[in-house]
Structures are given as C-alpha cells and as structure tokens.
Amino acid sequence: MSEPARAREAASTLQLCRIMGPNDANIVGNVHGGIILKMIEEAGCIVSTRHCNTQNGDRCVAALVRVEKTEFLSPVFIGEVTHVTAEITYTSKHSLEVQVHVMAENILTGAKKLANKAALWYVPFSLQNVEKIMDVPPIKYAAAEQEEEGKKRYEAQKLERMETKARTEEVVPPLPDPEDHPKERHTVGFSQSSLIHLVGPSDCTLHDYVQGGVTMKLMDEVAGIVAARHCSTNIVTASVDAINFHRKIKKGCVVTVTGRLTFVSNKSMEIEVFVDAASLVEAEKKKYRAVSAFFTFISLDKYNRAQTVPPIKFDGEEELRRAEEGEARYLQRKEKRLAERERQSAAAQS
C-alpha cells in the first residue's frame, strides 16, 4: 500500500470523547440535543477535512451540506462521557458521506448505551479560493455492494437537497410581532419563537463561514423553546429530519432562527425550523434562506417518561395544510421505524 493510501485509510475514522457538564444540559440534567448535534458535526468535519488533505494540491476545509434523519435513541445526562465515532463510508468526486455513532458511558458503573446515530454529507472547499470545490480522494470499500449502496444514498440525498432548497426558498416567514402575539395557549402563534444571533469569529471555520454544528445547536434551542412553550413541561429532542444547508453564512451576518409547530401527535411535536441570514456590514443586506429542517420533540413527566402532548388549536387553512403535511411525515417516520425494527429482528434470528 502506498504512503498516500495508508494516510487516507488512517484518516477515514475518528473518535472524540468528552464528559458532559452542567453547561451542556437543561435544568433537569438532560443534555441538549443541540450539544450532541454540534459534537457530531465536529467529528464529521475533522474526519472529512483530514481525509481530503491526504492528497497533493490546495489545502481545504470540509463544509457540511446535509444531515440525514437523526434519531436520539437514549437521553444523555450530566456526568456521562460521550464517545463520538465518525467514519467515512462513501466518497463521490466532490463529496463525502460520514456515518457517526454516539455512545454515552456512565463512568461510575461502566454501563454504555447508544445515544445517537447520524449520516452527514460534506463538500471540501479550497482555503485559497472558497468558491473552488476540491476533488475528494476515494476510499477503499470492503465489497462492491458497499460502494453501490453508497452511490444510491448519494443520488437520493442530492435530489432531496435540491427539492428542499427550491421549496423552502419560496417564502421567508416574517418574525412574529409581540403586539400581535396570540394570547390563547396551544396555538401555533403562541409558541412560535425566534432567536437572533450575530455570527462572530468563534462561530466560524478557517473560511470565516459559520460551522454547521453552531447552526444546528441554535436550531435545536429554538425548537426546544417552541416545544416548551406549547407543553410547559420538560422536553427533549427525539429526532431531526434531514437538515439541508442551502447557502453559506459568513462571519458578520445576522442570523434569524425561527421555529413553529406544524403537527402534534399523541406524544410528539413536529417543529419546522428556518435559518435566515443577512449581512450586517456589506452593501447587499437582502435576507436569504440558509438552512431548514424539521425537529421532533417529546414531553417528559417527572420520571422522564413520554407523556401526552396538548393538541394544536389551528388558525386558518395554511396552518391546517402544514399540519396535514406534518402528519404525512409522522406516519412515514413511524413506518420506517417499524420496518427497521423488523429488519433488525430478522437479522438477529438468521
């Protein structure tokens, strides 16, 4: 094996670990989903950037363009150690797929649990020219089937990313006016929330563009506020549908992160989250849609068990239409979970 090939193989996996502290959690000790998402993205960025810099030519930094559906399988608590393992599982000419698993370890008992797993897609950009997309060194596959399955995932995510970008850029929703804020509880307008953040140097990569993990953490915080306002209980992130990064956000931009309820089932809430950005200092200050996703939260009782969620009180046909679309996504997610359990059960019996 050549030296570059050995370097690429060594750079295709990574593990990060860190103990969870009070700053990572809510008031009852559950670690925020946004903290886990940020750690996942950091691991993916490091392994992707390392891999892409094993070749000659311009140095580059890998930028996050999409996160596939992410399941929060077990809660993580203060004092536990998270082990984040990232592995490159597919490469195209200009992108990489990274599979990430998060294990939570109780260091007092030694018990470990799978807390989260996700698939992320990165694209490498040259440090000399941020508009230049670099070629990605190929990885070695264990079998031809592995490469073929990766190609199918690549084509599917590429199509979905383009469709989502076209749909979400149609309308930038206005910020809620405090004077017009509905007083009635459990309406969409009552819980809708926004967060405004100025992108500074500590939020950015070497390119001076915001890190994907920073954006995801802000999105999770806003979605959590929406869920808490609707339920008035302890809430946790249950899952995140695909997060699509449509356009870059540069240092000095003001980002507006807006979340609104779209659908409520018996024990879960779907929250649509948008990230809009506009430059604070440049002449062109037009707001644009940068990121979009759907978050699912659940309400917990004092024993950390899922409990019933109050239904939404709808106001108008637009909210009803979004709820119907949300219910379709909810049923689709449920169907996929059942199919995955059946597949795992069949594999265990074989």
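Hydrogens, waters and symmetry mates are skipped; everything else that's a heavy atom, side chains included, is used.
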Q) Do other residues, nucleotides or ligands put more than 12 heavy atoms under 6.0 Å from the NZ atom of Lys248? A) yes

Q) Does Met216 reach the side chain of Ile243, with side-chain heavy atoms less than 4.5 Å apart? A) yes

Q | Hydrophobic cluster membership, Val67 vs Leu73, 4.5 Å side-chain cutoff | A | no

Q) Any ion pair linking Arg333 and Glu270 (charged N to carboxylate O, less than 4.0 Å)? A) yes

(Q) Side chains of Thr262 and Glu272: any donor to acceptor distance under 3.5 Å? (A) no

Q) For Ser193 and Arg229, does a side-chain donor sit closer than 3.5 Å to a side-chain acceptor? A) yes

Q: Evaluate whether atom CG of Leu159 has more than 12 neighbouring non-hydrogen atoms of other residues, nucleotides or ligands under 6.0 angstrom away.
A: yes

Q: Specify the closest pair of heavy atoms between Ala104 and Val76, including all atoms of both residues, with the distance to one decimal.
A: CB-CG2, 4.0 Å

Q. When you look at NZ of Lys151, are more than 12 heavy atoms from neighbouring residues, nucleotides or ligands closer to it than 6.0 Å?
A. no

Q | Non-hydrogen side-chain atoms of Phe125 and His207 separated by less than 4.5 Å | A | yes

Q: Would you mind checking if Lys152 and Glu149 are paired as a salt bridge, meaning a charged N to carboxylate O distance below 4.0 Å?
A: yes

Q) Do Val240 and Thr296 come close enough that some side-chain heavy atom pair is under 4.5 Å? A) no

**Q.** Greater than 12 external heavy atoms within 6.0 Å of Asp315's CG
**A.** no

Q) With the 4.5 Å side-chain cut-off for hydrophobic clustering, are Val236 and Ile271 part of the same group? A) no

Q.
With clusters defined by side-chain heavy atoms of hydrophobic residues (ILVMFWY) lying less than 4.5 Å apart, directly or transitively, does Leu127 cluster with Val210?
A. no

**Q.** Under 3.5 Å donor-acceptor, Asp301 side chain and Arg305 backbone
**A.** yes

Q: Look at the aromatic rings of Tyr141 and Tyr90 and report parallel, tilted or perpendicular, splitting at 30° and 60°.
A: tilted

Q. Gln211 pairs by side chain to side chain contact (heavy atoms under 4.5 Å, CB included) with which of Ile249, Thr205, Val199?
A. Thr205

Q: Nearest 0.5 Å please: distance from the CG atom of Leu96 over to the OG1 atom of Thr89.
A: 9.5 Å

**Q.** Lys334, NZ: over 12 other non-hydrogen atoms inside 6.0 angstrom
**A.** no

Q | Residue pair Phe274 / Val291, side-chain heavy-atom distance below 4.5 Å | A | no

Q. Distance from Gln157 atom CD to Glu68 atom CD, nearest 0.5 Å?
A. 6.0 Å

Q: Drop me the distance from Trp121's CH2 to Phe245's CZ, to the nearest 0.5 angstrom.
A: 15.5 Å

Q) Do the side chain of Thr237 and the main chain of Ser239 share a donor and acceptor less than 3.5 angstrom apart? A) no

Q) Where the side chain of Thr49 meets the backbone of Ala62, is there a donor-acceptor pair that is under 3.5 Å apart? A) yes

Q. Closest approach of Leu198 and Gly252, non-hydrogen atoms and distance?
A. CD1-O, 3.8 Å

Q) Does a donor on one side chain sit under 3.5 Å from an acceptor on the other, for Thr256 and Ser194? A) no

Q | Side chain Ser48, main chain Cys45, donor-acceptor under 3.5 Å | A | no

Q) So with a 6.0 Å cut-off around CD of Glu317, is the heavy-atom count from everything else above 12? A) no

Q | Pairs involving residues 188-214, ordered by first then second residue, that meet salt bridge (charged side-chain N to carboxylate O under 4.0 Å, His left out) (sequence neighbours left out) | A | Asp208-Lys251

Q.
Between Ile36 and Val102, is there a side-chain heavy-atom distance shorter than 4.5 Å?
A. yes

Q: Establish whether Leu300 and Met269 are linked, either directly or via other cluster members, by ILVMFWY side-chain heavy-atom contacts under 4.5 Å.
A: no

Q) Linking I/L/V/M/F/W/Y whenever their side-chain heavy atoms sit closer than 4.5 Å, directly or via other members, would Val188 and Leu195 fall into one cluster? A) yes

Q: Please confirm whether the backbone N or O of Asn53 pairs with a side-chain atom of Arg59, one donor and one acceptor, at under 3.5 Å?
A: yes

Q. With distance as the sole test, does Asn244 use its side chain to make a donor-acceptor pair with the main-chain N or O of His246 at under 3.5 Å?
A. no

Q) Are the charged groups of Glu42 and Lys38 less than 4.0 angstrom apart, N to O? A) yes

Q. Do Ser12 and Arg50 get their side chains close enough for a donor-acceptor pair, meaning under 3.5 Å?
A. no

Q. Within a strict 4.5 Å, meaning less than it, do heavy atoms of the Val273 and Thr258 side chains meet?
A. no

(Q) I'd like to know whether Ser232 forms a side-chain hydrogen bond (donor to acceptor under 3.5 Å, both in side chains) with Arg185, so could you lay out the CA-CA distance, the side-chain angles of the two residues, the decisive distance to 0.1 Å, and finally the verdict. (A) CA-CA 10 Å; Ser232 298; Arg185 290 178 56 80; 3.0 Å; yes

Q. Any ion pair linking Glu71 and Lys69 (charged N to carboxylate O, less than 4.0 Å)?
A. yes

Q: Could you tell me whether a side-chain N or O of Asp24 sits under 3.5 Å from a main-chain N or O of Gly21, the two making a donor and an acceptor?
A: yes

(Q) Please determine whether a side-chain nitrogen of the Lys or Arg among Arg321 and Glu319 lies less than 4.0 Å from a carboxylate oxygen of the Asp or Glu. (A) no

**Q.** Close side-chain approach of Asn266 and Val309, heavy atoms under 4.5 Å
**A.** no

(Q) Taking atom CD as the centre, does Glu318 end up with more than 12 heavy-atom neighbours from other residues, nucleotides or ligands that are less than 6.0 angstrom away? (A) yes

Q.
Determine whether Arg343 and Glu340 satisfy the following criterion, salt bridge (charged side-chain N to carboxylate O under 4.0 Å, His left out), listing intermediate values before the conclusion.
A. CA-CA 5 Å; Arg343 188 190 66 79; Glu340 179 64 18; 2.6 Å; yes

Q. Is the closest basic N to carboxylate O distance between Asp276 and Arg289 below 4.0 Å?
A. yes

(Q) Ignoring hydrogens, what is the shortest heavy-atom contact between Pro138 and Thr91? Give both atom names and the distance. (A) CA-OG1, 3.5 Å

Q: Decide yes or no for Thr70 and Leu37: does some side-chain heavy atom of the first lie under 4.5 Å from some side-chain heavy atom of the second?
A: yes

Q. CD1 of Ile312 to CZ of Arg260: how many Å apart, nearest 0.5 Å?
A. 11.5 Å

Q | Nearest-0.5 Å distance that lies between atom CD1 in Ile235 and atom CZ in Phe297 | A | 5.0 Å

Q.
Angle between ring planes, Tyr330 versus Phe263, binned at 30° and 60°: parallel, tilted or perpendicular?
A. tilted

Q. Is there a donor-acceptor pair under 3.5 Å between the side chain of Thr187 and the backbone N or O of Glu184?
A. yes

Q: Evaluate side-chain hydrogen bond (donor to acceptor under 3.5 Å, both in side chains) for Thr85 paired with Gln15, printing each intermediate quantity in order.
A: CA-CA 4 Å; Thr85 304; Gln15 186 175 85; 3.0 Å; yes

Q: May I ask you to decide if Cys253's main-chain N or O and His197's side chain share a donor-acceptor pair within less than 3.5 Å?
A: no

Q) With the threshold set at 4.0 Å, does a side-chain nitrogen-carboxylate oxygen contact exist between Glu41 and Lys217? A) no

Q | Pairs touching residues 90-109 that satisfy salt bridge (charged side-chain N to carboxylate O under 4.0 Å, His left out), sequence neighbours left out | A | Lys93-Asp135, Glu97-Arg153

**Q.** Test item: His230 side-chain N/O and Pro310 main-chain N/O as donor-acceptor pair under 3.5 Å
**A.** yes

Q: Hey, could you give me the NZ/CG distance between Lys336 and Leu331, rounded to the nearest 0.5 Å?
A: 12.5 Å

